[in-house]
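The structure under discussion appears below in the form of structure tokens.
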Amino acid sequence: MANPRTKLTWSLIALVGALTVFPVLMLMLGSFSEGLTAFGRFTTDKYVEAYTDPAFYEVLANTAVFVLGTSLLSTLLALFLAYLNTRTDIPFKGLFGVISIVPMMIPHLLFAVSWALLLNPSNGLVNLALKEAFGLDEAPFNIYSLWGMIFVEALLELPIAYLIVAPAMASFDVALEESSRVCGAGTWRTLLRVTLPVLRPAILAAFTLGIVRSLASFAVPSMIGMPGRVQVLATHLYTMISTGFATDYGKAAAVGMSVLVASVTLIVVYRALTAESEKFVTVSSRGFRPTLVDLGRARLPLFGLVGLLSVALIVLPVAVLLYTSFVPYSMVPGARAFSLMGLRHWHAVLEDPISLLALKNSLFLAVVGATLGVVLSVFVAYVIVKVKTRAAGLLESLSYLSFSFPGIVIGVGFMWFFVQTPLYATIWALLLGYIATYLPYGIRPMSSAFIQIHSHLEESSLVCGASPLVTLRRIIVPLLVPGIVAGWILLASMFVRELTLSVVLSRPGTEVLAIQILRYSEDGMWGRLSALGIVMILISTGLVVLATLIGNRFKITAA
């Protein structure tokens with residue numbers, strides 16, 4: 001009779017493998033198929049058609065500039081902030097922690113919308129203000145351009161790059177720099193010959209991850225690139241599957257394969273770079289303590305610059321959406337604007353049946369999807385941490401596979417998968433797609449929690465006659481409440497704002513909040529869009545507060 005742990009491991013391998021591998025296989029098969037209705041009749045025509053299209057090379061060039069520009073800008077900003085925070089005496093260092101965390105909670109879609117409301121050339125608030133102030137005939141900024149996309153995406157990627165670079169910068173042994181200066185090297189020479197080479201793995205890791213994330217990004221290219229007719233691979237795929245009378249899904253799958261291969265390759269490079277970082281450890285047990293650089297007269301101006309960046313990252317996105325949801329049309333804040341404020345956009349959104357359906361669907365996906373995702377994550381994390389076999393290693397690899405997949409690409413694979421089943425065009429297709437794609441985000445906090453539970457507790461329960469399932473339910477799970485709450489919050493907040501999978505899998509009747517916001521944007525209904533965006537932010541915040549209160553209650557009860 002098979003060991004219960006072995007049965008559990010192979011059952012999970014089958015389940016997680018079906019969720020992560022089948023969509024990739026279906027994407028591959030779909031790229032060689034003639035179409036959804038002719039699945040199984042294989043041809044290479046779709047590859048020839050996709051890669052000989054002259055427009056494809058313009059899309060490739062735009063994509064290369066977008067991902068490299070975004071990654072470079074976000075890494076440079078992260079280096080600048082990390083240096084100020086860890087190596088200098090700049091005041092209010094707690095501000096850096098806020099910069100690194102809060103923007104991650106603002107949906108990327110709404111962040112992009114807020115900058116479009118500020119800098120669009122026709123009625124952007126900043127452009128209107130500058131035109132009025134200086135009597136300009138034309139708007140000085142146009143966010144609907146490649147540089148606009150790079151600027152907004154870089155701000156979104158900045159927190160992740162900062163979280164990678166700052167710890168490496170903080171653990172840097174300044175004795176190396178002091179030795180360089182003693183040998184006669186100046187500040188710039190020391191920076192270029194000592195500091196940056198030692199930090200190279202962290203810098204390259206942040207840069208590579210920035211490329212991966214911007215390659216998979218859809219919110220910024222759709223909200224800023226598409227109105228400016230700047231297509232990148234993600235929006236090129238979206239255009240192929242969402243416009244025209246005869247949508248060519250095979251061609252979309254052929255293009256998606258190249259994106260998938262590029263993304264997986266970059267992830268492998270990223271892991272190699274992060275593994276290499278151990279070779280560059282400079283902190284030993286010799287009483288390491290970093291010395292701070294005195295900024296002198298530059299201290300306050302640099303702090304002002306960080307303050308401006310904080311406003312751009314945190315305050316502006318929410319403030320602009322809130323303001324736009326109350327005014328009848330785009331206008332510079334002033335006495336007239338405040339006199340015209342009202343709730344017309346809020347009434348329109350709350351009386352719109354499609355918006356209400358989208359709200360209902362998003363809440364369902366957040367609550368049910370996050371709960372199912374956490375349950376699956378508990379079992380997967382248990383096997384990964386506690387059952388240290390080769391099969392458990394295979395399960396770990398499968399469960400983290402979706403990290404490498406761009407959402408819109410894997411969405412095309414899911415569509416080929418679901419169209420062969422009764423699940424196609426139902427809310428359950430979205431539910432399964434969300435869980436499969438975001439499973440690693442549930443497993444990570446659960447694995448951390450499992451590592452902290454000593455195996456003696458489980459062994460004592462088993463010795464007393466309890467089965468592994470009873471031991472898991474009565475001993476382990478109660479101790480996992482903080483990890484469960486953290487995983488549930490993360491998954492629920494991601495499901496509420498999910499866009500990239502939804503644009504492929506959503507059909508009439510299964511709209512979600514992000515899809516409805518995208519439609520409002522395409523129709524130019526900025527007031528309604530802003531009101532619905534505020535609703536999305538309030539729901540995300542409410543879910544976080546509710547889950548935290550429940551977690552605290554369980555902790556108190558357990559104590």
- State which residue, out of Ile435, Ile484, Ile443, fulfils the side-chain contact (heavy atoms from CB on, under 4.5 Å) condition with Ser377.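 Of Ile435, Ile484, Ile443, side-chain contact (heavy atoms from CB on, under 4.5 Å) with Ser377 is met by Ile443 alone.
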
Rounded to the nearest 0.5 Å, what separates atom [atom1] in [X] from atom [atom2] in [Y]?
X      : Y      : atom1 : atom2 : result
Leu73  : Leu68  : CG    : CG    : 12.5 Å
Thr324 : Leu117 : OG1   : CG    : 4.5 Å
His236 : Glu58  : NE2   : CD    : 10.5 Å
Leu305 : Leu300 : CG    : CG    : 12.5 Å
Ile427 : Leu365 : CD1   : CG    : 4.0 Å
Met223 : Asn120 : CE    : CG    : 11.0 Å

Nearest non-hydrogen partners of [X] and [Y], listed with the distance:
X      : Y      : answer
Val59  : Val232 : CG1-C, 3.5 Å
Ala253 : Trp416 : CB-NE1, 3.9 Å
Ala531 : Val349 : CB-CG2, 4.1 Å
Leu109 : Ala514 : CD2-O, 3.7 Å
Leu505 : Gly411 : CD2-O, 3.8 Å
Met240 : Ala252 : CE-CA, 3.8 Å

- Task: Show your working on salt bridge (Lys or Arg N to Asp or Glu O under 4.0 Å) between Glu511 and Arg519 and close with a plain yes or no.
- Result: CA-CA 10 Å; Glu511 291 91 348; Arg519 287 180 180 169; 3.3 Å; yes

- Query: Out of Arg528, Gln516, His347, which residue meets the side-chain hydrogen bond (donor to acceptor under 3.5 Å, both in side chains) rule with Asp352?
  - Reply: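 Only one of Arg528, Gln516, His347 forms a side-chain hydrogen bond (donor to acceptor under 3.5 Å, both in side chains) with Asp352, namely Gln516.
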
With no hydrogens and no angle check, is any side-chain donor or acceptor of [X] less than 3.5 Å from a backbone partner on [Y]?
X      : Y      : answer
Ser222 : Phe218 : yes
Ser521 : Ile517 : no
Ser493 : Leu490 : yes
Ser71  : Phe207 : yes
Asp523 : Met525 : no
Tyr57  : Tyr51  : yes
Asn127 : Ala139 : no
Ser263 : Leu260 : no
Arg299 : Asp89  : yes
Thr426 : Leu423 : yes

Considering only heavy atoms from C-beta outward, does the side chain of [X] approach that of [Y] to under 4.5 Å?
X      : Y      : answer
Leu309 : Leu155 : yes
Phe80  : Leu302 : yes
Ser31  : Lys46  : no
Asp137 : Lys131 : no
Leu501 : Leu430 : no
Met226 : Pro221 : no
Pro121 : Phe141 : no
Leu316 : Ser114 : no

Pair [X]-[Y], side-chain donor/acceptor within less than 3.5 Å:
X      : Y      : answer
Gln231 : Thr239 : yes
Trp147 : Ser145 : yes
Glu153 : Ser214 : no

- Whether Tyr438 and Tyr441 hold their rings parallel, tilted or perpendicular, with breakpoints at 30° and 60°: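 Aromatic pair Tyr438/Tyr441 classed tilted.
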
- Item | Whether Phe495 and Tyr434 hold their rings parallel, tilted or perpendicular, with breakpoints at 30° and 60° |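 Tilted.
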
- Tell me, with the steps shown, if Leu110 and Leu321 meet side-chain contact (heavy atoms from CB on, under 4.5 Å). CA-CA 8 Å; Leu110 298 178; Leu321 288 173; 3.8 Å; yes

- Message: The test is side chain to side chain donor-acceptor pair (under 3.5 Å); show your working for Tyr424 and Arg507 and say whether it passes.
- Response: CA-CA 9 Å; Tyr424 181 67; Arg507 293 291 180 271; 3.1 Å; yes

- Is the Trp428 to Phe418 ring centre distance short of 6.0 Å? no

- Derivation and outcome, side-chain contact (heavy atoms from CB on, under 4.5 Å), residues Trp346 and Ser325: CA-CA 7 Å; Trp346 288 86; Ser325 72; 3.2 Å; yes

- Do Leu233 and Phe56 pass the side-chain contact (heavy atoms from CB on, under 4.5 Å) test, and can you show the C-alpha distance, the side-chain angles, and the key distance before you say yes or no? CA-CA 8 Å; Leu233 279 170; Phe56 179 71; 3.8 Å; yes

- Tyr520 and Ser530: side-chain contact (heavy atoms from CB on, under 4.5 Å), yes or no, with the steps? CA-CA 9 Å; Tyr520 279 145; Ser530 301; over 6 Å; no

